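Below you'll find the structure I mean.
The analysis underlying the following values was restricted to heavy atoms, covering all of them including side chains, and did not include hydrogens, waters or symmetry mates. Chain naming here is simple, since letters A, B, ... match the order of the sequence lines and numbering starts at 1 in each. All values reported here derive from a predicted model rather than from experimental measurement.
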Amino acid sequence: MSRISLPGDRVVERPAGTTAAQIFAELVAETAGGPAPAGAPAWKKAVAAKVNGEVVDVSRPIGGDATLEPVLPGSPEALEVLRHTSAHVLAQAVARHFGLDQVEFAIGPVIEEGFFYDFDLPRQLVPEDLPKIEELMEAIRRENLPIVRIEAKDREDALAIVRADRAKSKFKQELISSFPEGETVSFYRQGEFTDLCRGPHLPSTGRLASFKIMSIAGAYWRGDSKREQLQRIYATAFFERDELKAYVKRLEEAEKRDHRKVGVQLDLFRILPEAPGFPLWMPNGTIVFNELITEMRRKLRRRDYVEARTPHIMNADLWKRSGHWAHYRQNMYVTQIEERDFAVKPMNCPGAALVFSQGLRSYRDLPFRLAEFGLCHRYEESGALSGMTRVRSFVQDDAHVFCTLDQVQLEIRGILDLIHEVYGELGMTEIEMFLATRPADRTGTDAMWDQAEGSLEQALRSGGYQFKLNPGDGAFYGPKIDFKIKDAIGRGHQTATCQLDFSLPEKFDLEYTGEDGTRKRPVVIHRAIYGSIERFFAILIEHFAGAFPLWLAPEQAIIVPVSEERHAGAAAAALKVLRDADIRASVDWSNEKLGKKIRNASIRKVPYVLVIGDREAETSEVAVRLRDGTDLGALPVADVAAALRAEAASRSLTPGLRKNP
RNA sequence: GCUGCCGUAGCUCAGCGGUAGAGCACCUCCUUGGUAAGGAGGAGGUCAUGGGUUCAAGUCCCAUCGGCAGCUCCA
């Protein structure tokens with residue numbers, strides 16, 4: 001007998017080998033003797049079982065004493081099981097579409113937003129295949145095929161199973177052969193289709209819920225571009241139809257916010273064939289660019305940073321000294337000047353080191369916080385380019401802090417706080433942090449690494465920041481903290497970074513005079529807050545859907561005369577008042593009706609529309625209309641100018657002028 | 001870089017073997033209009049580039065360049 005502990009402090013005894021499905025069924029039927037735990041009626045919906053914390057099939061026999069919980073729809077585990085089974089059904093549908101013996105199956109894992117399956121197919125998939133495959137999936141769901149787990153005795157047995165199958169099994173054989181000796185190899189069979197799989201799965205294909213094929217793409221076997229090119233089908237699945245609908249809707253919303261699209265609509269930037277990967281900042285985008293940097297400069301001043309500018313092109317000797325020539329040259333643009341090698345800078349660090357080393361430094365100068373809004377150029381493969389998020393030239397809001405190892409913790413803490421301040425003020429609160437520690441191949445002593453990693457961790461903890469550990473992911477020259485934020489489509493982007501560097505000071509022989517009069521070596525912290533302005537801008541565009549807060553908006557207010565003849569004087573006067581208050585304002589002089597002018601302003605996402613007609617002209621007022629359509633009525637021009645000025649200065653995310661209650 | 005898809009007016013797109021189209025934007029004129037599209041007219045394209053097939057090529061084929069999605073990599 002097995003003693004099985006259920007939720008709600010319920011314990012039942014059953015013969016060894018009883019399955020979770022049987023126990024759930026008994027409890028649902030309340031035939032288990034005694035009251036069923038609260039919520040038990042829902043257990044008939046269990047998609048899997050958690051036995052001693054491990055998610056398994058409901059049909060898996062339970063051995064000895066165990067804890068048992070149902071895995072119910074709504075939990076992340078249940079969704080994963082659903083999607084995993086959906087992946088198998090997708091594979092089965094593809095097999096039916098092309099013929100079971102025509103398809104080579106690779107792998108079909110669950111991913112964040114759904115799942116995919118990779119195939120080697122007799123021909124290229126075309127979009128018309130997809131609805132057919134979906135229909136076949138639907139048919140398999142209706143057939144309600146039981147899903148059966150098969151365990152191989154050993155690897156040989158497993159290989160025999162796949163070889164006996166009608167389906168091609170080149171990849172499966174390769175996978176099985178790579179498994180460690182002695183590990184259980186399992187298969188899942190539904191109808192005519194069997195797939196190598198660890199499980200767990202739904203009990204039958206009839207339990208499939210809402211699914212949808214999303215896209216097709218190329219992929220390589222095991223992600224290796226030297227291996228077989230496969231066709232990947234992306235799909236997703238949810239328990240509720242409404243969840244699937246909401247997901248599709250979210251993707252559509254994200255597409256509307258796509259910075260590449262909005263960037264063209266709002267005339268922010270272009271990336272032209274004349275300069276692939278090298279963005280052209282249009283005047284509107286340049287305003288945002290400049291505001292971001294102006295605001296950062298203001299914050300840096302208050303934190304005792306100084307700013308420098310270093311050359312874009314420096315000679316090969318410098319890059320050899322920094323190590324870039326040996327390790328980063330394939331990403332650098334190299335040129336020749338009077339027959340000597342030069343390179344365009346891919347990073348600002350060597351320049352910063354040169355700034356530091358001009359003149360002898362004292363410990364009294366440390367920490368020396370040196371900022372540079374440096375334009376960097378890096379060669380990127382054409383296939384890696386993507387809008388403003390992956391470019392070949394970009395401006396980093398870079399800084400290098402030269403300090404002692406003892407000062408590191410406080411400096412890092414200051415940087416962490418600054419990053420959160422900057423992102424928080426923009427309403428970006430979903431920031432993931434990763435502490436990357438020493439890699440196998442590294443420079444510096446273990447004692448240095450101990451102290452450095454300890455300082456970073458202490459800095460994180462002292463600020464109460466949540467973070468994840470990325471062991472071994474640090475740079476060879478020091479540990480780092482990486483920051484990831486999500487864009488509108490849910491893609492993660494690395495933006496800010498904060499890295500410790502023991503190596504740069506060595507390479508550039510950086511020194512300062514210590515309290516005791518001896519020469520000492522500083523450490524360097526590289527850090528960027530926005531990361532690259534280009535990428536950050538892309539994320540901002542998507543974050544705000546182009547409707548920037550006032551301080552960033554390229555056009556802050558537009559004055560709309562009801563009649564451009566009758567109200568020209570009043571409009572010009574209002575424009576002067578606004579411009580005197582440093583508001584980016586203009587008058588819409590176009591020969592259009594009021595409604596059209598408002599529509600135009602609204603398409604351009606202008607935060608404030610100020611209408612002037614007979615009534616307003618007489619009293620030096622403007623009728624204020626917010627971007628969201630709210631009509632605030634007529635207000636004195638001077639008051640509006642003052643309010644906008646204050647709103648921009650405070651970098652508020654919400655309008656400073658509001659409807660009076 | 002690799003695989004697939006795509007490239008027609010400033011933007012969004014239709015046309016898919018038989019003499020280049022629409023909407024918006026732009027220019028001119030009429031209209032002077034009170035909170036998301038007033039009317040009329042006009043200009044604008046060697047259909048990405050270069051080859052090929054054909055009596056005839058945006059349209060079919062090949063190559064190159066660029067874009068998109070993935071793979072890979074990174075700020």
Worksheet entry | For A/His377, all residues meeting ring-ring contact (aromatic ring centres under 6.0 Å, His included), sequence neighbours excluded |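 Checked A/His377 against ring-ring contact (aromatic ring centres under 6.0 Å, His included); zero matches.
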
Would you list the protein and nucleotides 23-25 of chain B atom pairs, both N or O, that sit under 3.5 Å from each other?
{"residue": "B/A25", "atom": "OP1", "partner": "A/Lys596", "partner atom": "NZ", "Å": "3.0"}

Worksheet item: Is there a donor and acceptor pair, one atom on the side chain of A/Glu380 and one on the base of B/A75, closer than 3.5 Å?
Response: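 Present.
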
Discussion item. Assuming nearest nucleotide by heavy-atom distance, tell me which of A/Ser215 and A/Thr495 is located more 5' along RNA chain B.
Written reply: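 That would be A/Ser215.
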
Worksheet entry | Parallel, tilted or perpendicular: ring planes of A/Phe536 versus A/Tyr423, cut at 30 and 60 degrees |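 Because their plane-to-plane angle is over 60°, the rings of A/Phe536 and A/Tyr423 count as perpendicular.
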
Fill in: Chi-angle category of B/G58 [syn within 90° of 0, anti beyond]
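Base orientation relative to the sugar is syn.
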
Any N/O pairs under 3.5 Å between the protein and nucleotides 30-32 of chain B? List them or say none.
{"residue": "B/C30", "atom": "N4", "partner": "A/Asn591", "partner atom": "ND2", "Å": "3.0"}
{"residue": "B/U31", "atom": "N3", "partner": "A/Asn591", "partner atom": "OD1", "Å": "3.2"}
{"residue": "B/U31", "atom": "N3", "partner": "A/Asn591", "partner atom": "ND2", "Å": "3.2"}
{"residue": "B/U31", "atom": "O4", "partner": "A/Asn591", "partner atom": "OD1", "Å": "3.3"}
{"residue": "B/U31", "atom": "O4", "partner": "A/Asn591", "partner atom": "ND2", "Å": "2.2"}
{"residue": "B/U32", "atom": "O2", "partner": "A/Ser563", "partner atom": "OG", "Å": "2.7"}
{"residue": "B/U32", "atom": "O4", "partner": "A/Glu565", "partner atom": "OE2", "Å": "3.1"}

Worksheet entry | With sequence neighbours excluded, residues passing side chain to side chain donor-acceptor pair (under 3.5 Å) with A/Lys484 |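 If we apply the side chain to side chain donor-acceptor pair (under 3.5 Å) test to A/Lys484, skipping adjacent residues, there are no hits.
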
Worksheet item: When only distance counts, do a donor and an acceptor, one from the side chain of A/Glu274 and one from the base of B/G66, lie under 3.5 Å apart?
Response: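 For A/Glu274, whose side chain was compared with the base of B/G66, there is no donor-acceptor pair (under 3.5 Å).
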
Practice prompt. For residues A/Pro471 and A/Thr437, report the shortest heavy-atom separation together with the two atoms involved.
Written response: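 Where A/Pro471 meets A/Thr437 most closely, the heavy atoms are CA-OG1, 3.1 Å.
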
Worksheet entry | Given B/G34, B/G67, B/A75, the nucleotide with the shortest approach to the side chain of A/Val611 |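 In terms of side-chain proximity for A/Val611, the closest of B/G34, B/G67, B/A75 is B/G34.
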
Collect all protein-nucleotide pairs involving nucleotides 3-11 of chain B in which both atoms are nitrogen or oxygen and the distance is under 3.5 Å.
{"residue": "B/U3", "atom": "O4'", "partner": "A/Gln229", "partner atom": "OE1", "Å": "2.9"}

Item to complete: For the residue pair A/Glu252 and A/Tyr247, confirm or rule out a side-chain donor-acceptor distance under 3.5 Å.
Response: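 Side-chain D/A pair, A/Glu252 to A/Tyr247: absent.
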
Practice prompt. Measure from the side-chain heavy atoms of A/Arg390 and tell me the nearest of B/A36, B/A75, B/U35.
Written response: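 Selected nucleotide (nearest to the side chain): B/A75.
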
Worksheet item: Do any of residues 278-296 of chain A sit with a heavy atom less than 4.0 Å from RNA chain B, and if so which?
Response: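 Here the set is empty: none.
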
